[in-house]
Colleague: 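Quick one: the structure is below, questions incoming.
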Amino acid sequence: MSKTTVTFEYEKETKNSVRYQEVPEEGKAPIMGSLYVQKWFAGNSKTLEITIEKKD
């Protein structure tokens, strides 16, 4: 098992959600790319972090 924390920065708002773009670690490819989060949860957040745990 391994855990990775992925950081996302605000990109734009859509009708009911906010789109965030992944900020990849230097020299690495993005893991998830874009992320859509509902406005009621995202609020005014400009940055989100998500921790992913991979289970073998």
Side-chain angles (χ1 to χ4, degrees):
M1 289 185 265
S2 64
K3 287 186 181 181
T4 302
T5 300
V6 183
T7 303
F8 294 86
E9 289 185 346
Y10 174 88
E11 187 173 5
K12 72 176 189 175
E13 282 190 29
T14 62
K15 183 178 178 184
N16 295 313
S17 61
V18 180
R19 184 165 115 180
Y20 292 87
Q21 185 64 40
E22 181 179 348
V23 180
E25 292 181 33
E26 192 171 324
K28 292 188 177 182
I31 295 171
M32 296 178 65
S34 295
L35 175 70
Y36 287 84
V37 178
Q38 295 299 304
K39 283 183 180 178
W40 68 264
F41 182 82
N44 294 324
S45 297
K46 297 297 180 193
T47 304
L48 294 178
E49 285 187 356
I50 295 182
T51 301
I52 303 169
E53 183 174 356
K54 183 169 71 171
K55 297 185 178 186
D56 297 323

Colleague: Between Arg19 and Ser34, which heavy-atom pair has the shortest distance, and what is it?
Modeller: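 Arg19 and Ser34 have their closest heavy atoms at NE-OG, 4.1 Å.
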
Colleague: Identify the residue among Phe8, Tyr36, Tyr10 that makes a side-chain contact (heavy atoms from CB on, under 4.5 Å) with Val18.
Modeller: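 By the side-chain contact (heavy atoms from CB on, under 4.5 Å) criterion, Val18 pairs with just one of Phe8, Tyr36, Tyr10: Tyr10.
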
Colleague: From Thr14 OG1 over to Lys39 NZ, what is the distance, rounded to the nearest 0.5 angstrom?
Modeller: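 Here the rounded value is 6.5 Å.
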
Colleague: Could you walk me through whether Gln38 and Asn16 pass the side chain to side chain contact (heavy atoms under 4.5 Å, CB included) check?
Modeller: CA-CA 6 Å; Gln38 295 299 304; Asn16 295 313; 4.1 Å; yes

Colleague: Please check this pair: side chain of Glu22 against backbone of Met32, looking for a donor-acceptor N/O pair closer than 3.5 Å.
Modeller: yes

Colleague: How close do Ala29 and Pro24 get, heavy atom to heavy atom, and via which atoms?
Modeller: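 Where Ala29 meets Pro24 most closely, the heavy atoms are C-CB, 4.3 Å.
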
Colleague: Would you say the side chain of Glu9 lies within less than 4.5 Å of the side chain of Gln21, judging by non-hydrogen atoms?
Modeller: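 Not in contact.
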
Colleague: Distance check, rounded to the nearest 0.5 Å: Lys54 atom NZ versus Ile31 atom CD1?
Modeller: 9.0 Å

Colleague: Using side-chain heavy atoms (C-beta onward) and a distance below 4.5 Å, is Glu11 in contact with Tyr20?
Modeller: no

